[in-house]
Structures are given as structure tokens and as C-alpha cells.
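What follows is a single structure, written as C-alpha cells, with notes after it.
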There are 2 protein chains.
Amino acid sequence: MHQHNCVSLVPLFSQLSEQEQDTVNSIVHQHHYQTGETIFAAGDSMDALMIIASGQAKVFQLASNGKEQLLHLLTAGDFDGETALFSQAKHNSFAEALMPTMICQINRTEFQQLMQKYPTISLNLLNELGRRMTELEKRTTQTSTSSVESRLADYLVETSAQFGKNDFKLPLKKKDLATYLGTTPETISRKLGELERNGLIEQTGSKQICIVDQEALEML
Amino acid sequence: MHQHNCVSLVPLFSQLSEQEQDTVNSIVHQHHYQTGETIFAAGDSMDALMIIASGQAKVFQLASNGKEQLLHLLTAGDFDGETALFSQAKHNSFAEALMPTMICQINRTEFQQLMQKYPTISLNLLNELGRRMTELEKRTTQTSTSSVESRLADYLVETSAQFGKNDFKLPLKKKDLATYLGTTPETISRKLGELERNGLIEQTGSKQICIVDQEALEML
DNA sequence: CGAGGTGTTGACTGCCCTCAAACTTTGTGG
DNA sequence: CCACAAAGTTTGAGGGCAGTCAACACCTCG
């Protein structure tokens, strides 16, 4: 069987030599998930670090009223489960594949040995956790201080920057985008319409967005 | 001068021997801040890890419209600035002392050397970052899925649990509590009044709260 | 082609934010 | 230790943003 090499893809291990990466690769367990399939659920015990080799997954929580809150969008090279590496805790969130997705897992104990052997790994972990923390802090601040319109505008500008062009396809269903921005699909739909009517964007196709007036968007 | 020993207070260094802690203590710089004094501001360059030796500080962001969002409340033993340890970045948030507060700083380069020498430090850091991440994720979910009333109820229950008794004094001004929960002082005031009228709590004095019906609070 | 999930549009409602004024607590200097 | 100023809190009135509900249109994919 052709074993896809997760390890070389991941920034987490990028500073290791090729030989060291092989070592890591040998203790990795692979899993494949289909679109819509659950990767883990709240309540599951966490005992491994998960790395996205290919595909895309969403991490979200469910409130007691059943509402969904999207916390992170994971793409190739991203990982999750780091809080599990020390405390033998349960997942407090869900993860679901948004497309056919390959996941590499490393058991807690094995990963702990890795970190002892190669200290740069834990530094990389710290780095990435910090980055994600900063991102979440920003989003938290925005959700409780700004209007949906400006959050959406900000999201569009940032996403377009990631793609490096004004014309791009939303990487999320609007349903998920809504919970990501802390609002509802209906409101997203309306606000996008409003932005279009005001000449700031154009909706060329399903999920296809073109930014017309970036400055005005940033102004919100 | 009597040098307050920060290091022994901090879980971060708790696994080090007494002698090793002394070493760490020798590279620590101390600063004292008065109530209301700014510890760092957004835009300041980050070049040190900060540890609260005694006192209390709030970490918050300012939105473009001037609104404040409280992100973390730091008390003795907590630290901040970990994202600064690798990337030579700027602070994106503010920190302000809420009472006379003693802070211990360790420079980036010196702390990096420490982490190389004592790998358990970075593991402790990871642990704490994960904890804080989990906490923020929960709060984010709550702010965009639940009503102010239930967020407040949840906060009261959790805070009472921290103190270990039903009768306690709010550790924050209501103004700050409001931005912590993503609302306004007026709304906090009203909701507390409502909870009291419904017999779930009692407001015995300024900031003094007594939980009467914990079950009903958790129900929200 | 049909079915289920997804997106759109409209009408309505309500939570909570805003503004403003009175009252209370805090803390500081005389 | 008191007095007074500044900050924080409470209460009321009013309005707006966005959530809810419902019906319909639209994809996407068996």
C-alpha cells in the first residue's frame, strides 16, 4: 500500500532531518474520512494528536440549545488534539470532515517521547498554539464589539488575502460561515446582498465572491 | 531589599529543584504596578514573558469603535506574553493592573535558553496555553449561542465554585465583567436584578453575591 | 428524476444596546 | 477622618440590529 507521507507536510516536523522524519512516520497511524464523517465527538477520550494530511475539517462545539459554533477550520498541515497530550481529558468539541480527508494520528505516549527526543517539536507546537490563540482572541473581540456586517467584511478581505486574489470561492458553506462569524445563514445571505447592492462586492456564482471595493470593506 | 520570590509561586517552574529555581530567579526582572497602571499596550514590542507574582491584572483588546473586550483575568501564578517567545511580534492587546501588582519578567533569549535546559518548562507552557485556549473556546461559543442571562448564570456558578462557597465577592468591577461576558454594565445590572427577583441569588452588598438556587442557575 | 440539504426572501419580534440622569461607591488630598 | 471629586452602578425610556419562523427556490448527488 502506498503510504502517504504526512510527516513531511507538517510544519511541526519541518526542522527534523529526513531520517528523523522517517522515524516519526513509522509511528503514525493513518485514517481516512469521507465528507460529513465525524472525526471525533465531544465526550470521546483524547489520546492522540491528529494531523490533517489532506482535505479539510471543521472543529465546532454544540451549545445546549443545539446551536453550533465553528471554532477552527483545519486544512492540510494543521493539527488538533494538543490539549490531550498531557491531561487525559475528553474532547469538548466535535470535528467533521468537509471533504474526503486523510488524518495522521500519533498516540499520546509516543508523541511525548518524540517531544523529549526532539525539543524543537514542542517549540513548534507552542508557536502554532499561540497563533491560534491570537486568532481566536481577535474573533472573540469582533463578535462582541462589531456588527455582523463588519465581521463579514473583515472575513472577506482576509480570505481574499489568503487566496492572493480578489476573486475567490468561499471555503465554507454559508451555513458554516454563519456559525464561524457568530450569526445565522439568513443574516449572512442578507448582508452579502447588501454589500453587493452597495457595490462593494459581486457574487458571481454559488460561493464565488469578487471584491470590488476593498478599501470600503476595510472601512467597516 | 527583600526580593520577592516569583519563581517558586509559579506552576511553570514547580518541577524544578530548589537550586534550579534559584538559577531562574537570578535572571528574573521585577516590576511593580499600581492600580490602574498599564503593564503593556497594543503595539508595544513583546520581548519578555511576564509572570504575576502578586496582585491581579486584566488583559483586553480595544475594538476600532473604542469598545473594550476583556480576554483574560490574570492572578498570582498566571503568565502572559508566551506568543512573544518566538516571533518578534507586537502586543495586540492591553494589560492593566487591577490592584497593586508585582510582575516578574524573563527576556525572550534567556527564556529560550531555559526551555532548552529544562524541557519540562515548555511542556508546562503547552499545558497552560491549552487550558486557556479551552476556556476561551467555551466563552466564544457561549457568547454567540446563549443569552446574556445564561452566560451570567454560568459565570456566577463557576466563580462560586472557584471560591468554594455560595457567598462570594465578584473579583471584577461590573464594568469589566460586562466586557468579559460580551455585554454592557447596564445589562449586567438588570440581569442581576432579575435573578434576584426570581429568588436565584441575593445581592448582599456591593459586588457581594450569594447563590440561593444553584440548580436553577445551572438550568439556564 | 427525486430527495434532502442548502440558500434566499419576507414579515415579525425581541433582546439588548444606547443615551441620559440620578444615585452610590471609591479613593484621595486636605 | 472627613469631604469632595471621579468613577462606577442603577434605573428608565426608546429604538435598532439581527434572530426566528415560514415558505419557497436551488443545488447536488444518489
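Model, not experiment: these values are computed from the prediction. Residue numbering restarts at 1 for every chain, and letters A, B, ... go by the order of the sequence lines.
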Are any of [X]'s side-chain N or O atoms less than 4.0 Å away from OP1 or OP2 of [N]?
X: A:Lys173; N: D:dT28; answer: no
X: B:Thr184; N: C:dC17; answer: yes
X: A:Lys174; N: C:dT8; answer: yes
X: B:Thr187; N: C:dC16; answer: no
X: B:Lys207; N: C:dT26; answer: no

Using atom [atom1] of [X] as one end and atom [atom2] of [N] as the other, report the distance to the nearest whole Å.
X: A:Lys191; N: C:dT8; atom1: NZ; atom2: C1'; result: 15 Å
X: A:Asp176; N: C:dG7; atom1: CG; atom2: P; result: 8 Å
X: A:Leu177; N: C:dT6; atom1: CG; atom2: P; result: 14 Å
X: A:Leu152; N: D:dC17; atom1: CG; atom2: P; result: 16 Å
X: A:Gln208; N: C:dG7; atom1: CD; atom2: P; result: 15 Å
X: B:Glu194; N: D:dT10; atom1: CD; atom2: C1'; result: 15 Å
X: B:Glu196; N: D:dT10; atom1: CD; atom2: P; result: 10 Å
X: B:Glu68; N: C:dC17; atom1: CD; atom2: P; result: 15 Å

Practice item. Mind telling me whether B:Phe13 and B:Phe111 have parallel, tilted or perpendicular rings, with 30° and 60° as the class edges? Key: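 Judged by the thresholds at 30° and 60°, the geometry between B:Phe111 and B:Phe13 is perpendicular.
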
Exercise for review: Using a heavy-atom cut-off of under 4.0 Å over every strand shown, decide if B:Glu186 touches base, sugar-phosphate, or nothing.
Suggested key: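 Base: the residue B:Glu186, judged by heavy atoms under 4.0 Å, touches a nucleobase.
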
Check your understanding: Which part of the nucleic acid, if any, lies within reach of A:Thr183 when heavy atoms closer than 4.0 Å are counted: base, sugar-phosphate only, or nothing?
Key ->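 Sugar-phosphate contact only.
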
Point to revise | Carboxylate-amine/guanidinium contact B:Lys174 B:Glu186, below 4.0 Å | key: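 Looking at B:Glu186 together with B:Lys174, the answer is no, because their closest N to O distance does not fall below 4.0 Å.
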
Check your understanding: Is it true that B:Asp176 and B:Lys58 have a side-chain N and a carboxylate O under 4.0 angstrom from each other?
Key ->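 Here B:Asp176 pairs with B:Lys58 in a salt bridge, since their nearest N and O are under 4.0 Å apart.
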
Check your understanding: Taking side chain as C-beta onward, heavy atoms only, is B:Leu49 less than 4.5 Å from B:Asn107?
Key ->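 They are not in contact (no side-chain heavy atoms under 4.5 Å apart), so the answer is no.
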
**Study point:** Position toward the 5' end of DNA chain D (nearest nucleotide), A:Gly182 or B:Ile188
**Key:**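 So the residue in question is B:Ile188.
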
Check your understanding: Between B:Lys175 and A:Lys67, which has a closest nucleotide on DNA chain D that is more 5'?
Key ->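 By nearest-heavy-atom nucleotide position, the 5'-most residue is B:Lys175.
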
Point to revise | Donor-acceptor pair under 3.5 Å, B:Arg190 side chain vs D:dG12 base | key: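 Side chain to base: pair found, below 3.5 Å.
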
Review point. Can you find a side-chain donor-acceptor pair between B:Gln69 and A:Ser144 that sits under 3.5 Å?
Key: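 Yes, because at least one side-chain N or O of B:Gln69 sits under 3.5 Å from a partner of the opposite role on A:Ser144.
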
